[in-house]
Protein chains: 2
Amino acid sequence: MELVVTGNLVRELRVAENLSQADLAAALGVSRQTVNSIETGRYTPSLALAIALARFFATTVEEVFHVAER
Amino acid sequence: MELVVTGNLVRELRVAENLSQADLAAALGVSRQTVNSIETGRYTPSLALAIALARFFATTVEEVFHVAER
DNA sequence: TGGTGATGTCAAGCAAGCTTTACATGCGGG
DNA sequence: CCCGCATGTAAAGCTTGCTTGACATCACCA
């Protein structure tokens, strides 16, 4: 049961709402680089930020973030 | 939308399955101290571990981890 | 009594998330 | 042509997640 986060739908969801990375960052209370890093896969967010993202887009953590067995 | 993780149901779920912290840790591929730290609220897990926990208990991240606006 | 399993916690150390600052690129509009 | 906006990325630094190893307590049981 060792999971790794392999990708996410943040960019798709953000673009669908016509928001810039800076807009989303401001709404979530994080920096623009943090949003960018999550979208480009540089790193995976903390649990709190992942829940905030899912909640912001009115969906679930499991739907936004994809995992695979490592 | 700045969220903090305020608590979780890991201990309740684990006990309901009659597992020790060490059992759960082994099943998840982490150390016993990590499970203990999550249960006692010393820190909140990474996103990958949170998803693994929810999946292990056949539930969702949002049900296992509780958040509040900061 | 002594042994064992379960739990709590601490310390040191490495890895990862997030910050600020900064700079580069591409693009559409004036 | 220049501007402003959106995006990508990098460096340095702080904080937090997770590790191993160790030790203490408690309950239960032979």
Side-chain angles (χ1 to χ4, degrees):
Chain A
M1 251 306 224
E2 286 200 51
L3 302 186
V4 276
V5 178
T6 54
N8 66 75
L9 303 182
V10 174
R11 170 159 289 157
E12 289 83 341
L13 293 165
R14 174 180 63 79
V15 168
E17 303 273 354
N18 255 301
L19 298 172
S20 68
Q21 293 180 346
D23 291 336
L24 179 55
L28 297 170
V30 296
S31 71
R32 178 182 70 81
Q33 287 82 344
T34 293
V35 169
N36 184 23
S37 294
I38 292 166
E39 288 191 358
T40 58
R42 229 191 311 286
Y43 54 70
T44 71
S46 67
L47 176 57
L49 183 48
I51 294 177
L53 275 161
R55 201 179 262 207
F56 181 84
F57 291 118
T59 178
T60 64
V61 168
E62 284 84 352
E63 280 184 30
V64 179
F65 297 93
H66 299 152
V67 295
E69 201 100 12
R70 179 161 89 73
Chain B
M1 250 306 225
E2 285 201 52
L3 303 186
V4 277
V5 178
T6 54
N8 66 75
L9 304 182
V10 173
R11 169 159 290 157
E12 289 81 341
L13 292 164
R14 174 180 62 80
V15 168
E17 302 272 354
N18 255 300
L19 298 171
S20 67
Q21 293 179 346
D23 291 336
L24 179 55
L28 297 170
V30 296
S31 71
R32 177 181 72 81
Q33 287 84 340
T34 293
V35 170
N36 184 19
S37 294
I38 293 166
E39 288 191 358
T40 57
R42 224 189 315 284
Y43 53 70
T44 71
S46 67
L47 176 56
L49 183 48
I51 295 177
L53 275 161
R55 202 180 262 209
F56 181 84
F57 291 117
T59 179
T60 64
V61 168
E62 283 84 353
E63 280 185 28
V64 179
F65 297 93
H66 299 153
V67 296
E69 201 99 14
R70 179 161 88 73

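Just so it is clear: chains get the letters A, B, ... in the order the sequence lines come, proteins before strands, and each one is counted from 1. Only heavy atoms go into these numbers, but all of them, side chains included; no hydrogens, no water, no symmetry mates.
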Just the rounded figure in Å: distance from [atom2] of [N] to [atom1] of [X].
{"X": "I51(A)", "N": "dG17(C)", "atom1": "CD1", "atom2": "C1'", "answer": "16 Å"}
{"X": "D23(A)", "N": "dC5(D)", "atom1": "CG", "atom2": "C1'", "answer": "11 Å"}
{"X": "E2(B)", "N": "dG17(C)", "atom1": "CD", "atom2": "P", "answer": "19 Å"}

Under the rule for side chain to side chain donor-acceptor pair (under 3.5 Å), what residues qualify as partners of [X], not counting sequence neighbours?
{"X": "R55(A)", "answer": "none"}
{"X": "S20(A)", "answer": "D23(A)"}
{"X": "T6(A)", "answer": "none"}
{"X": "S31(B)", "answer": "T34(B)"}

Go through the structure and list residues passing salt bridge (Lys or Arg N to Asp or Glu O under 4.0 Å) with R42(B), not counting sequence neighbours.
->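 For R42(B), no residue satisfies salt bridge (Lys or Arg N to Asp or Glu O under 4.0 Å) once neighbours in sequence are set aside.
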
Contacts of T44(A) that satisfy side chain to side chain contact (heavy atoms under 4.5 Å, CB included) - sequence neighbours left out =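 Result, side chain to side chain contact (heavy atoms under 4.5 Å, CB included) vs T44(A): V5(A).
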
Partner residues of E12(A) under the side chain to side chain contact (heavy atoms under 4.5 Å, CB included) criterion, sequence neighbours left out =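 Side chain to side chain contact (heavy atoms under 4.5 Å, CB included) check on E12(A) returns L9(A).
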
Below 3.5 Å is the cut-off: list the nitrogen or oxygen pairs between protein and nucleotides 27-30 of chain C, distance only.
none

Overall bend - the helix from dT1(C)-dA30(D) to dG30(C)-dC1(D), comparing terminal axes fitted on five pairs, nearest 10 degrees =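 Taking the rotation axis at each end, their angle is 20°.
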
Scoring nucleotides 25-30 of chain D by protein non-hydrogen atoms under 4.0 Å (B base, S sugar-phosphate only, - none) yields ------

Scoring nucleotides 8-24 of chain D by protein non-hydrogen atoms under 4.0 Å (B base, S sugar-phosphate only, - none) yields BBB------SBBBBB--

Residue pairs passing the side-chain hydrogen bond (donor to acceptor under 3.5 Å, both in side chains) test where at least one lies in residues 56-70 of chain A, sequence neighbours excluded |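 The answer is E2(A)-R70(A), T59(A)-E63(A).
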
